[in-house]
Amino acid sequence: MKNMLLQPGKQSVDVLIIGAGPAGCVAAAYLLEQGITVKILEKSQFPRFSIGESLLPQTMEILQQTNLLQPVIEAGFQYKNGAIFRWQDEQVEFDFREKFSPGWGITYQVQRDKFDSILASQVESKGAEVIYQATVKHIDYIDGGVRVAWYDGDGNVHSETTQFILDASGFGRVLPKLLKIEEPSSLPFRQSLFTHVIDQIPLTRFDRNKIIITVHPLDTQTWMWLIPFADGSSSLGAVATPEFYQQFAGLSPDQMLERICHADSYLSNLLKGARNKYSVRQIGGYSSSVQSYYGDRYALLGNAGEFLDPVFSSGVTIAFKSAQLACDVLTRQFSGEPACWQQQFVEPLLGGIDTFRAFVDAWYAGTLLPILCYPNKDPDVTAMISSVLAGYAWDTRNPVVQDARKFLRLISGLCQ
């Protein structure tokens with residue numbers, strides 16, 4: 001990317017970030033540590049509901065690096081140390097503390113309204129200006145920077161000049177839409193139903209320190225999640241193809257989710273007496289891709305660039321990692337050091353994303369589940385897989401990460 005930036009401070013703000021979610025706040029925290037001025041435009045009013053509530057341990061390292069970890073620890077979120085995968089009568093548990101990669105083996109399961117508000121509040125206290133109910137409508141390139149037009153909650157038009165834009169707008173995908181660089185995902189269209197429930201599950205019934213992924217007993221393309229929170233509630237959801245949902249034509253989303261979850265006897269028994277905190281919401285076609293992750297005076301973070309699938313809870317991890325990598329390159333660029341967005345941002349980012357993609361593809365191809373549930377796995381292989389499930393998809397010392405597709409094909413053959 002050609003360096004067309006002025007020195008920091010020559011525009012109204014050095015870096016404008018679109019979105020105050022995890023990617024935007026982590027990016028802001030990184031940049032503020034380097035003395036770079038930051039403004040965040042957030043379309044919603046916080047706190048606001050969001051899915052993506054089961055963090056991976058790798059995120060803890062980045063929270064620690066950006067000095068955002070302590071308030072998260074103090075918030076009292078549900079402790080998480082692993083994942084449970086269930087299919088009919090088979091169950092396998094992965095303990096993230098027993099992994100190949102060094103680093104954190106624990107993390108949290110978080111209500112995102114509270115978690116995101118904590119991060120946003122922290123970056124505000126560090127010096128970032130966060131404007132809520134701000135909708136970006138247009139950008140113009142000017143000499144040495146970008147002019148951004150945005151609307152506030154009352155419809156008033158405002159203008160901002162910046163040297164660089166980091167788009168952390170998530171599913172809003174602001175710059176991909178404005179710049180017409182969206183591309184269809186290679187993953188098939190799927191739809192998710194989700195809500196929060198007061199679960200009323202006794203502590204002796206299951207381990208609240210782990211997310212539960214349950215495969216539908218009659219359709220291996222359909223799966224359900226249960227993410228326990230510290231207050232006795234849980235996130236509950238299902239992912240399926242449009243064809244699967246056709247059998248529920250005429251039912252409400254609440255009725256559909258109930259039917260899907262109660263098809264599995266284990267999940268049905270766990271949820272006896274549970275009641276919804278909210279009406280069931282739905283989102284479809286969430287997998288996305290773009291022509292490029294960066295361009296003239298902008299870069300895309302997290303879901304704004306790529307979203308795979310929620311099955312391995314990789315969304316926030318990818319968001320954090322993209323912010324870390326982008327800010328490293330941007331800081332070098334601002335300081336006049338050599339900076340290559342393709343080699344230092346895109347290629348390393350895609351290395352981890354492609355590892356997650358291999359797991360997602362194998363999951364829906366039906367080859368991963370037998371590997372996960374195989375009773376006689378070598379402990380070393382289990383530790384390598386556990387590292388990826390814990391978010392360490394960028395640890396190239398791990399043989400799984402070096403060539404995930406080849407590794408999974410090999411292990412699949414051994415598990416026959």
Side-chain angles (χ1 to χ4, degrees), residues 20-26 28-29 42 44-84 93-97 99 103-126 128 130 132 170 194-213 225-237 270-271 273-278 281 310 312-317 319-320 323 389-391:
C25 286
V26 164
E42 167 56 48
S44 302
Q45 179 63 56
F46 279 22
R48 53 95 174 93
F49 183 92
S50 180
I51 54 174
E53 300 133 327
S54 189
L55 305 183
L56 301 182
Q58 205 272 343
T59 60
M60 304 290 278
E61 176 183 311
I62 294 178
L63 287 171
Q64 190 172 38
Q65 290 174 357
T66 52
N67 295 312
L68 295 173
L69 180 58
Q70 193 60 37
V72 173
I73 292 174
E74 294 172 355
F77 291 118
Q78 173 65 48
Y79 179 82
K80 175 186 175 182
N81 60 23
I84 298 171
E93 296 188 12
F94 283 85
D95 190 324
F96 294 155
R97 296 164 296 184
K99 55 182 173 48
W104 288 83
I106 58 96
T107 185
Y108 296 101
Q109 295 171 159
V110 302
Q111 295 96 329
R112 283 286 302 280
D113 54 352
K114 182 179 179 181
F115 178 74
D116 290 10
S117 293
I118 288 171
L119 298 188
S121 175
Q122 286 299 304
V123 297
E124 282 188 281
S125 69
K126 293 174 183 292
V130 183
Y132 296 97
F194 51 91
T195 187
H196 286 180
V197 298
I198 306 296
D199 58 62
Q200 300 187 13
I201 303 172
L203 293 176
T204 56
R205 294 289 303 280
F206 82 120
D207 185 355
R208 297 189 74 90
N209 295 331
K210 293 178 175 65
I211 181 177
I212 300 178
I213 301 295
W225 77 73
L226 185 68
I227 303 172
F229 299 132
D231 63 358
S233 68
S234 292
S235 174
L236 177 68
L270 278 184
L271 294 172
R275 65 181 189 277
N276 290 2
K277 291 182 68 175
Y278 314 111
R281 309 181 189 202
F312 299 115
S313 305
S314 61
V316 173
T317 302
F320 278 11
L389 297 178

Report summary line: Here the pair of heavy atoms bringing Asp113 nearest to Phe49 is CB-N, 4.4 Å
**Report entry** Value rounded to 0.5 Å, distance of CZ in Phe77 from CG in Leu55
**Finding:** 8.5 Å
**Report entry** Whether Ser121 side chain and Ser117 backbone form a donor-acceptor pair below 3.5 Å
**Finding:** no
Query raised in the report: So, the side chain of Thr107 versus the backbone of Lys80: is there a donor-acceptor pair under 3.5 Å, distance only?
Result: no
Query raised in the report: Okay, side chain of Gln109, backbone of Pro228: is any donor-acceptor separation there less than 3.5 Å?
Result: yes
Report summary line: For Tyr132 and Ala120 the tightest heavy-atom approach is OH-CB, 3.4 Å
Query - Distance-only side-chain donor-acceptor flag, His196 / Glu53, under 3.5 Å - result: yes
Report task. Give the minimum heavy-atom separation between Gly105 and Phe96, together with the two atoms involved. Result -> O-CB, 3.3 Å
Report task. Return yes if some donor-acceptor pair links the side-chain N/O of Arg281 with the main-chain N/O of Phe194 below 3.5 Å, else return no. Result -> no
Query raised in the report: Rounded to the nearest 0.5 Å, how far does CG of Leu119 lie from CD of Glu124?
Result: 11.5 Å
Query raised in the report: What residues form a salt bridge (Lys or Arg N to Asp or Glu O under 4.0 Å) with Asp199, not counting sequence neighbours?
Result: Arg208
Requested in this report: Please round to the nearest 0.5 Å and tell me the distance separating atom CD1 of Ile62 and atom CG of Leu68.
Outcome: 11.0 Å
Report task. Measure the spacing between OH of Tyr108 and CD1 of Ile73 and express it to the nearest 0.5 Å. Result -> 4.5 Å
Query raised in the report: Does Ser233 use its side chain to pair, donor to acceptor, with the backbone of Phe229 at less than 3.5 Å?
Result: no
Query - Result of checking Ser235, Ser54, Ser313 against Trp225 for side-chain contact (heavy atoms from CB on, under 4.5 Å) - result: Ser235
Query raised in the report: Of the non-hydrogen atoms in Ile84 and Glu93, which two are nearest, and what is the gap between them?
Result: CG1-CG, 3.7 Å
Query raised in the report: Do Val316 and Val110 have side chains that get closer than 4.5 Å, going by heavy atoms?
Result: no
Query raised in the report: Does any non-hydrogen side-chain atom of Lys99 lie less than 4.5 Å from one of Phe94?
Result: no
Report summary line: When rounded to the nearest 0.5 Å, the distance separating CG of Asp95 from CD1 of Ile106 is 11.0 Å
Report task. May I ask you to test the Pro47-Asp116 pair for a side-chain heavy-atom distance under 4.5 Å? Result -> no
Query raised in the report: What do the steps show when you test Leu226 against Leu271 for side chain to side chain contact (heavy atoms under 4.5 Å, CB included), and what is the final call?
Result: CA-CA 10 Å; Leu226 185 68; Leu271 294 172; 4.2 Å; yes
Requested in this report: Please examine the side chains of Ile198 and Lys277, heavy atoms only from C-beta on, and report whether any two atoms are closer than 4.5 Å.
Outcome: yes
Query raised in the report: Do the non-hydrogen side-chain atoms of Asn81 and Lys210 ever get within less than 4.5 Å of each other?
Result: yes
Query raised in the report: For the atom pair CZ (Phe320) and CD (Gln58), what is the distance rounded to the nearest 0.5 Å?
Result: 9.5 Å
Query raised in the report: Which heavy atom of Val123 sits nearest a heavy atom of Cys25, and at what distance?
Result: CG1-O, 3.3 Å
Report task. Can you see which heavy atom on Phe115 is nearest to which on Pro22, and at what distance? Result -> CE2-CG, 4.4 Å
